[in-house]
S.K.: 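What follows is a structure written as structure tokens; I'll ask about it next.
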Amino acid sequence: MKKRTALVGAILSLFPLGQPLLFKTGIFLSASGINLLFPEKVDARDAVFYIIRGEKKLKSNDYYGAIKDFSKAIQIDPYNGLAYDYRGLSKKRINDLEGALFDFNKSIEIEPYNGASYNNRGMVFLSKGDRYLACKDFKKAVSLGLEFTERWFYSKDGKWCRDM
């Protein structure tokens with residue numbers, strides 16, 4: 001039986017029509033088998049996989065691991081604003097304010113209507129002591145519909161961003 005299958009495969013590979021069919025079928029069957037046995041490794045080529053894994057690391061305070069996963073997601077899909085936003089959050093947690101600022105700026109460049117990115121960048125400005133830019137970003141986040149930003153309108157010196 002195995003010899004007959006090998007013979008049919010060899011004959012089909014000589015024909016221009018049979019050759020792609022043989023290879024495509026073989027690849028499809030192999031990929032299906034791998035997907036059933038190792039689903040994580042197959043999905044690992046997708047940016048969303050790294051974003052989800054990085055988000056879990058961020059929630060468990062593994063900031064360096066999260067940065068690594070979000071960086072991999074960005075490498076796969078450099079136009080994914082969410083990956084930049086999450087990497088910025090991770091960098092802020094390790095006090096890499098310049099790196100966080102870069103990531104939030106990139107996220108805003110990709111998705112200019114994402115209020116969360118403006119809120120997060122405002123937090124970095126607040127950490128750097130730039131109340132004016134922080135308030136500007138908080139106001140923009142609120143104008144884009146982000147309601148929880150209201151709590152950041154109050155600064156350490158007792159003044160409201162609304163008064164600016």
Side-chain angles (χ1 to χ4, degrees), residues 24 26-164:
K24 285 184 180 175
I27 291 170
F28 174 76
L29 292 174
S30 298
S32 297
I34 290 171
N35 195 16
L36 291 173
L37 295 174
F38 308 104
E40 189 171 296
K41 289 186 179 183
V42 173
D43 292 337
R45 290 176 269 166
D46 185 2
V48 174
F49 168 82
Y50 286 104
I51 291 171
I52 292 170
R53 193 168 80 173
E55 188 179 14
K56 289 176 185 175
K57 290 179 181 178
L58 179 61
K59 287 179 180 177
S60 67
N61 301 330
D62 178 10
Y63 305 125
Y64 292 99
I67 290 169
K68 191 173 183 180
D69 280 344
F70 296 134
S71 295
K72 183 66 176 175
I74 291 166
Q75 180 183 2
I76 294 168
D77 181 6
Y79 299 102
N80 191 316
L82 184 62
Y84 282 104
D85 202 45
Y86 276 133
R87 188 172 74 175
L89 285 172
S90 302
K91 287 180 178 180
K92 184 179 180 313
R93 299 274 172 84
I94 62 168
N95 210 28
D96 177 6
L97 299 181
E98 293 304 319
L101 195 57
F102 172 84
D103 285 340
F104 293 134
N105 285 337
K106 191 68 176 173
S107 178
I108 290 168
E109 178 185 318
I110 294 168
E111 298 175 358
Y113 300 106
N114 181 359
S117 296
Y118 286 97
N119 180 68
N120 294 334
R121 187 173 72 177
M123 294 298 298
V124 172
F125 285 136
L126 201 58
S127 295
K128 291 179 74 168
D130 192 335
R131 192 172 135 256
Y132 175 77
L133 289 177
C135 288
K136 188 176 174 183
D137 275 352
F138 296 148
K139 286 179 181 181
K140 180 68 174 180
V142 169
S143 76
L144 292 172
L146 200 66
E147 295 173 11
F148 71 84
T149 305
E150 287 282 342
R151 66 190 167 118
W152 296 112
F153 270 51
Y154 187 71
S155 63
K156 290 181 182 178
D157 62 1
K159 294 185 180 176
W160 290 88
C161 289
R162 288 179 241 220
D163 299 334
M164 294 184 82

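Everything numeric in this text was worked out from a predicted model, so none of it was measured.
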S.K.: In chain order, what residues pass the side chain to side chain donor-acceptor pair (under 3.5 Å) check against Tyr118, with sequence neighbours excluded?
M.R.: none
S.K.: Name all residues meeting the side chain to side chain donor-acceptor pair (under 3.5 Å) criterion together with Ser107; count only those two or more places apart in sequence or in a different chain, and write none if there are none.
M.R.: Ser117
S.K.: Mind listing the closest non-hydrogen atom pair of Ala141 and Gly115 along with its distance?
M.R.: CB-O, 3.4 Å
S.K.: So, do Lys92 and Asn120 sit near enough that their side-chain heavy atoms are less than 4.5 Å apart?
M.R.: no
S.K.: Which residues pass the side chain to side chain contact (heavy atoms under 4.5 Å, CB included) test with Ser143, sequence neighbours left out?
M.R.: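 Ser143: side chain to side chain contact (heavy atoms under 4.5 Å, CB included) contacts with Lys140.
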S.K.: Picking from Tyr64, Phe49, Tyr86, what satisfies ring-ring contact (aromatic ring centres under 6.0 Å, His included) with Phe70?
M.R.: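 When Tyr64, Phe49, Tyr86 are each tested with Phe70, the ring-ring contact (aromatic ring centres under 6.0 Å, His included) holds only for Tyr86.
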S.K.: Rounded to the nearest 0.5 Å, what's the gap from CD1 on Ile74 to CG on Leu82? Could you check?
M.R.: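 These two atoms lie 9.5 Å from each other.
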S.K.: Kindly compute the distance separating CG (Leu97) from CZ (Phe125), expressed to the nearest 0.5 Å.
M.R.: 11.0 Å
S.K.: In this structure, are over 12 heavy atoms from other groups packed under 6.0 Å from Lys128 atom NZ?
M.R.: yes
S.K.: Is a donor from one side chain sitting under 3.5 angstrom from an acceptor on the other, for Asn61 and Tyr63?
M.R.: yes
S.K.: Between Asp77 (side chain) and Ala73 (backbone), is there a donor-acceptor pair under 3.5 Å?
M.R.: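 It does not hold such a pair.
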S.K.: Any side-chain heavy atom of Asp96 within less than 4.5 Å of one from Ile67?
M.R.: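 Contact flag for Asp96/Ile67 side chains = no.
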S.K.: Mind checking the NZ-CG spacing from Lys91 to Leu101? Nearest 0.5 Å is all I need.
M.R.: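 Rounded to the nearest 0.5 Å, the NZ-CG separation comes to 10.5 Å.
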S.K.: Just so I know, are the side chains of Arg93 and Leu58 near enough to count as touching, which here means a heavy-atom distance under 4.5 Å?
M.R.: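 Side-chain contact under 4.5 Å: yes.
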